[in-house]
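For reference, the structure I am asking about is given below.
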Amino acid sequence: MNKKWWKEAVVYQIYPISFLDTNGDGKGDLLGIISRLDYLKDLGVDVIWICPIYKSPNHDNGYDISDYCDIMDEFGTMEEFDRLLREAHARGLKIMMDLVLNHTSDEHPWFIESRSSRDNPKRDFYIWRKGKDGHPPNNWESYFSGSVWEYDEKTGEYYLHLYSKHQPDLNWENQKVIDSMHEMVEWWLKKGVDGFRFDAIAHIVKAVGLPDGDNPDQLPTVRAYELFSNLENVHTLLSNLYERVLFHYDIMTVGETSGLGPEQALSYVGDTRNELNMVFQFEHMQLDAGSSGSGKWDIRPWNLLELKKVISGWQTVLHDKGWNANYWCNHDQPRSVSRFGDDQKYRVESAKMLATFLHTLEGTPYIYQGEEIGMTNIAFASIDDYRDVETLNYYEEQLDQGVPEEQVMQAIWKKSRDNARTPMQWTNGEHAGFTRGTPWIEVNSNYPLINVEDAIKDPNSIYHYYKKLIALRKQHEVIVYGEYKLLLPLDKELYVYTRTLEDQCLLVILNFFGGEPVLKLPAELVPEAKQLLISNYPIKGEEDLGNLKLRPYEARVYLMKTPPLDFVAQTW
Ligand code: GLC
Ligand code: CA
């Protein structure tokens, strides 16, 4: 068992523009974060991951950086950042920065120089190519719709952008780019930050020669993700970054890596690899997307057996070899209670059940702001209320292709990133206490019901349940390090597993839906002496787990002596 502080930690993710506004401009800011450090300390989390706060023209809410070593005007100043770091550290909280190494803003001085002439010394900091007979250099489709290539009049060439055209990709084949990036990462480390989330890190290397993606339908663009995701040289670059810079600091790192399974993830997070501590995988986020790469906007219902298969794969393959980053939601995903729970009748029960799952898997749990009070998706009637560049591009593209608006809005309501970006709901007062001005994006109208202030007052709230789960992690090592084994693999409603560490065993029982299925666990597995650590319903006295009707979205976690191992192995 390879113990590390970041394995024992709980991370809380802040999307600063929607967290808390202190100067009335309708956008969250650093002072807002500082003023809620006590709230986070009280919740019990250890690390705060802050989405990008660097200088940025904000085409993609800060993921388009124009100066890596300065703070976005809207968010505040470097002095305020230093204060945030000091005040967090004073409370024993760590700060994890979100760094975008794959691309910059098109307003970054490097890009301004790069596009100024073909022989500018910075030309080669980005990826420029000539067109093919008036067409883009290849047929790759951008994550944010349309071609990855943008034609630039001035020099008559195209530049590559995997995301929006305001986010040109850096050329990691250029040693000067590599050196500049290392220097910048070190600059932040010297300031004392405690870790990094490396944005879109899987994509910093593109296939040699930038070949066309397979395109049997002769569409103008194709989702050729395999030609720019997780290629071998990403590992060379990451181990180089590790050896030259990261190795010298006791920090935590997580990479955003779409498009891989657990075996492949080991090449990033394997104990012997010296690259990253953990990665954000996407397999469970694709369970309700169109089949095989047809995209996140194509909706399909998810099912529990597939979820068990995906999660069990990650839990089993990474055990003792690497480490998982577990999450249900972030600033790019719909709200988890709306997506995997029931955000109406059983909002509280299902949010607690999902929380139980998040906190009792092996891996570091990541809580996204508002998840701890069960915030839900938003469905704005008009596209005018949406702000996200990905959503707006998708809307336009679909309408251009003649798809009825009603159908496009259905997809947006389910999957838009703005679902998770509406302001944090602090109080039941105006604008949910987020701002005294006009919020940059509308507040979800359910704030009188769902807000922090009321949640703190209610001992049965989702908030208090999160607090308890976080506290349990600090008390029981088995929650952090125990080995996962799936039970009842074919049950379509119940997700049941154990986590075992020597003679300690955790038994986790989750009813994933609104029905009342009967749990039948073999007697060998459930000794009489067991301690209920947490549950989302009141439980009266001893109950027979060999035959027990569960309530909608019921979750229970028991601590008991490890049953005979061969028995658990058999069940698996
Ligand atoms: C990552 C971020 C996302 C951003 C994109 C481009 O996926 O999480 O918010 O739009 O990278 O930087
Ligand atoms: Ca503000």
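The figures here come from the full heavy-atom set of this structure, side chains too, leaving out hydrogens, waters and symmetry mates. What you see is a predicted model; the values in this text were computed from it and never measured. Whatever order the structure lists them in is the order used to number ligands and atoms, beginning at 1.
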Task: Geometry at the Ca ion (ligand 2) - Asp25 OD1 versus Asp29 OD2 angle, rounded to 10 degrees - done: 170°
TODO: Enter the distance from Gln281:CD to Asn324:CG here, rounded to the nearest 0.5 Å.
DONE: 7.5 Å
TODO: Nearest heavy atom to atom 6 (C) of ligand 1 wins, so pick from Phe280, Tyr163, Phe198, Phe282.
DONE: Tyr163
TODO: May I ask you to identify, for His59, whether its side chain, its backbone, both or neither come under 4.0 Å of ligand 1 on a heavy-atom basis?
DONE: neither
- [ ] Could you verify whether a donor N or O on one side chain and an acceptor N or O on the other, from Thr236 and Asn233, lie under 3.5 Å apart?
- [x] yes
Open item on the list: Quick check on the 6.0 Å ring-centre criterion: do Trp49 and Tyr15 meet it?
Closed with: no
Open item on the list: Could you check whether atom CG of Asp124 has more than 12 heavy atoms from other residues, nucleotides or ligands sitting under 6.0 Å from it?
Closed with: yes
TODO: Considering only non-hydrogen protein atoms, determine which one is nearest to atom 10 (O) of ligand 1 and report residue, atom name and distance to 0.1 Å.
DONE: Asp60 OD2, 2.5 Å
Task: Contact partition for Arg421 relative to ligand 1, non-hydrogen atoms under 4.0 Å - done: side chain
- [ ] Using the Ca ion (ligand 2) as the apex, give the angle to atoms OD1 (Asp21) and OD1 (Asn23), rounded to 10 degrees.
- [x] 70°
TODO: Answer yes or no for Arg417: is there a heavy-atom contact with ligand 1 below 4.0 Å?
DONE: yes
TODO: Compare all side-chain heavy atoms of His161 with those of Tyr143 and state whether any distance is below 4.5 angstrom.
DONE: no
Open item on the list: Counting non-hydrogen protein atoms only, what is the nearest one to atom 11 (O) of ligand 1? Give residue, atom name and distance.
Closed with: Asp199 OD1, 2.8 Å
Open item on the list: Looking at Gly32, is its backbone amide N or carbonyl O close enough to the side chain of Arg36 to form a donor-acceptor pair, meaning the two atoms are under 3.5 Å apart?
Closed with: no
Open item on the list: I need the His103 NE2 to Tyr126 OH distance, nearest 0.5 Å.
Closed with: 10.5 Å
Task: Top protein contact for atom 7 (O) of ligand 1, by heavy-atom distance - done: Glu256 OE2, 2.8 Å
Open item on the list: Any atom of ligand 1 sitting under 4.0 Å from a heavy atom of Arg197?
Closed with: yes
- [ ] Evaluate whether atom NZ of Lys4 has more than 12 neighbouring non-hydrogen atoms of other residues, nucleotides or ligands under 6.0 angstrom away.
- [x] no
TODO: Between His103 and ligand 1, find which residue part has any heavy-atom pair under 4.0 Å and reply side chain, backbone, both or neither.
DONE: side chain
- [ ] Tell me which protein heavy atom sits closest to atom 9 (O) of ligand 1, plus the residue, atom name and distance to 0.1 Å.
- [x] Asp332 OD1, 2.7 Å
Open item on the list: At under 4.0 Å between heavy atoms, is it the side chain or the backbone of Phe144 that contacts ligand 1, or both, or neither?
Closed with: side chain
Open item on the list: Using side-chain heavy atoms (C-beta onward) and a distance below 4.5 Å, is Gln333 in contact with Trp328?
Closed with: no
Task: Whether Gly28 has an N, O or S atom under 3.0 Å from the Ca ion (ligand 2) - done: no
